Amino acid sequence: MSERKQQRAPQLRAVQTKAAILRAAAEVFDEFGFSGASISKIMKRADVTQGGMYFHFSSKEELAYAVMVGQGDGLVFPEGEDGLQHLVDITLYLAEELRHNPVLRAGVRLAVEQGEFGLRDDVAYQAWVLEFRQQLRFARAKGELQPDVDDHELAWVLVSSFTGAQLFSQASTGRADLPQRIASLWRYLLPAVATEATRENLRLTLRPTRQQTTKEPEPGREPRG
């Protein structure tokens with residue numbers, strides 16, 4: 001093995017260990033919240049030693065912050081042309097992801113619970129404001145927005161409304177109805193922000209992914225190449 005490969009091997013293991021810790025922490029925070037989570041639970045879930053844990057994170061608070069601000073890591077947004085439809089698709093995609101993605105769910109939960117670990121930090125919310133505002137700027141350039149719409153203010157309203165909707169949905173149905181709630185949010189919001197021509201062509205449901213539209217082979221039958 002070359003000297004360069006020998007140097008890279010420990011670095012790769014460190015990256016993999018850190019990723020495993022963050023994934024395990026997200027799952028534990030998602031299940032138990034900040035107060036119910038513990039370093040020992042996370043270590044056990046990640047299958048790492050105490051030394052491995054503290055090499056990367058010095059405390060549960062530091063780990064919680066990393067999960068909170070990294071809540072969008074690994075997300076793959078729907079494909080499509082930038083603009084208002086793409087923004088609608090992103091919010092519907094996030095609503096679906098919140099039903100089963102522990103990394104996103106944990107980050108969202110910790111953003112709400114951050115007072116329990118001594119924070120008042122809006123960085124996670126501001127990241128989504130920037131993401132949404134980018135699509136609104138494209139929508140503005142394409143003439144999809146009403147003239148009096150402020151894209152930064154609308155992005156803030158969208159993040160605030162989405163946050164409230166997901167909290168309400170979590171309390172009432174475990175987020176089972178969240179995609180429908182986000183569609184309803186858009187249905188009432190769009191007349192105030194989008195042009196009439198744009199509204200006529202907007203879709204408030206996600207297009208099926210290629211994976212969803214591919215028919216599963218029958219049991220015992222090999223898929224045809």
Side-chain angles (χ1 to χ4, degrees), residues 17-50 52-77 87 90-133 152-186:
T17 299
K18 185 175 182 180
I21 292 170
L22 284 170
R23 174 73 184 192
E27 293 175 357
V28 172
F29 284 129
D30 178 39
E31 291 177 31
F32 302 101
F34 179 80
S35 296
S38 66
I39 289 291
S40 60
K41 287 178 181 176
I42 296 168
M43 286 170 50
K44 183 177 180 180
R45 185 75 60 95
D47 192 24
V48 298
T49 64
Q50 190 175 47
M53 171 65 75
Y54 286 106
F55 176 80
H56 293 285
F57 299 99
S58 62
S59 65
K60 186 173 77 165
E61 288 77 10
E62 183 182 351
L63 193 48
Y65 185 77
V67 172
M68 183 182 79
V69 300
Q71 60 184 255
D73 292 352
L75 294 176
V76 181
F77 291 150
L87 178 55
I90 288 172
T91 60
L92 293 172
Y93 165 78
L94 291 173
E96 288 287 352
E97 285 293 299
L98 275 167
R99 298 171 67 182
H100 58 79
N101 184 325
V103 175
L104 179 59
R105 280 201 312 249
V108 167
R109 178 170 184 169
L110 289 168
V112 175
E113 296 180 353
Q114 60 179 283
E116 296 182 20
F117 49 103
L119 283 183
R120 190 178 68 181
D121 190 324
D122 68 349
V123 64
Y125 296 110
Q126 292 293 353
W128 290 116
V129 169
L130 288 174
E131 185 71 44
F132 289 4
R133 188 182 185 188
H152 181 265
E153 186 175 41
L154 178 54
W156 190 94
V157 168
L158 282 170
V159 172
S160 302
S161 302
F162 189 101
T163 300
Q166 72 86 16
L167 283 170
F168 195 170
S169 177
Q170 167 64 10
S172 57
T173 68
R175 297 196 184 102
D177 67 348
L178 184 55
Q180 291 75 31
R181 297 302 179 190
I182 298 304
S184 295
L185 174 66
W186 278 114

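Note that these values count all heavy atoms, side chains included, but never hydrogens, waters or copies made by symmetry. Everything numeric in this text was worked out from a predicted model, so none of it was measured.
- I21 approaches G52 most closely through the heavy-atom pair CD1-O, 3.8 Å.
- Of all heavy-atom pairs spanning L92 and P179, the tightest one is CD2-O, 3.8 Å.
- Using a distance-only test at 3.5 Å, with no hydrogens or angles considered, a donor-acceptor pair links the side chain of Y93 to the main chain of V76.
- Counting non-hydrogen atoms of other residues, nucleotides and ligands closer than 6.0 Å to CZ of F168 gives a total of 12 or fewer.
- At a threshold of 4.5 Å between non-hydrogen side-chain atoms, the residues V108 and F162 do not count as touching.
- E27 places no side-chain N or O within donor-acceptor distance of the main-chain N or O of A24, the cut-off being under 3.5 Å.
- Between M43 and T49, the closest side-chain pair of non-hydrogen atoms is not below 4.5 Å.
- Listed for the R120 side chain is no donor-acceptor partner under 3.5 Å among the backbone atoms of G115.
- Of all the heavy atoms in L158 and L87, the pair that sits closest is CD1-CD2, 3.7 Å.
- Using a 4.5 Å heavy-atom threshold, the side chains of E31 and K41 count as separate.
- Closest heavy-atom contact between F32 and A37: CB-N, 3.8 Å.
- Expressed to the nearest 0.5 Å, how far CZ of R133 lies from CD of E153 amounts to 11.0 Å.
- Annotation: side chain of I182 is not in contact with side chain of L94 (no heavy-atom distance under 4.5 Å).
- Atom CD of E96 has more than 12 heavy atoms from other residues, nucleotides or ligands within 6.0 Å.
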Review point. Stepwise, does the side-chain contact (heavy atoms from CB on, under 4.5 Å) test hold for F132 with L154?
Key: CA-CA 9 Å; F132 289 4; L154 178 54; over 6 Å; no
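- Note: S172 OG to Q170 CD = 8.5 Å, rounded to the nearest 0.5 Å.
- Considering every non-hydrogen atom in both A106 and A26, the closest pair reads CB-O, 3.1 Å.
- Applying the 6.0 Å contact sphere to CZ of R181 captures no more than 12 heavy atoms from other residues, nucleotides or ligands.
- Screening V129, V157, L130 against H152 for a side-chain contact (heavy atoms from CB on, under 4.5 Å) leaves a single residue, V129.
- A donor-acceptor pair is defined here as one N or O able to donate and one able to accept, closer than 3.5 Å; such a pair exists between the side chain of R109 and the backbone of D30.
- A heavy-atom distance below 4.5 Å is found between the side chains of V112 and L167.
- Rounding to the nearest 0.5 Å gives a distance of 11.5 Å between CG of L178 and CD of E97.
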Exercise for review: Walk me through it: do I39 and F57 pass the test side-chain contact (heavy atoms from CB on, under 4.5 Å)?
Suggested key: CA-CA 10 Å; I39 289 291; F57 299 99; over 6 Å; no
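- Within the structure, the salt bridge (Lys or Arg N to Asp or Glu O under 4.0 Å) test picks out no pair touching residues 60-70 (sequence neighbours left out).
- To the nearest 0.5 Å, the span separating CD on E113 from OG on S35 amounts to 6.5 Å.
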Review point. Going through the distances and angles, do L22 and D73 end up as a side-chain contact (heavy atoms from CB on, under 4.5 Å)?
Key: CA-CA 11 Å; L22 284 170; D73 292 352; over 6 Å; no
Identify all side-chain donor-acceptor contacts of residues 63-71 below 3.5 Å with residues at least two apart in sequence or on another chain.
residue : atom : partner : partner atom : Å
Y65     : OH   : D121    : OD2          : 3.2
Q71     : OE1  : W128    : NE1          : 2.9
Q71     : NE2  : M68     : O            : 3.0
Q71     : NE2  : G107    : O            : 3.3

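- Side chain of E116 to backbone of F34: no donor-acceptor contact under 3.5 angstrom is found.
- The OG atom of S59 sits 10.5 Å away from atom CE of M53, with the distance rounded to the nearest 0.5 Å.
- Counting non-hydrogen atoms of other residues, nucleotides and ligands closer than 6.0 Å to CZ of F55 gives a total of 12 or fewer.
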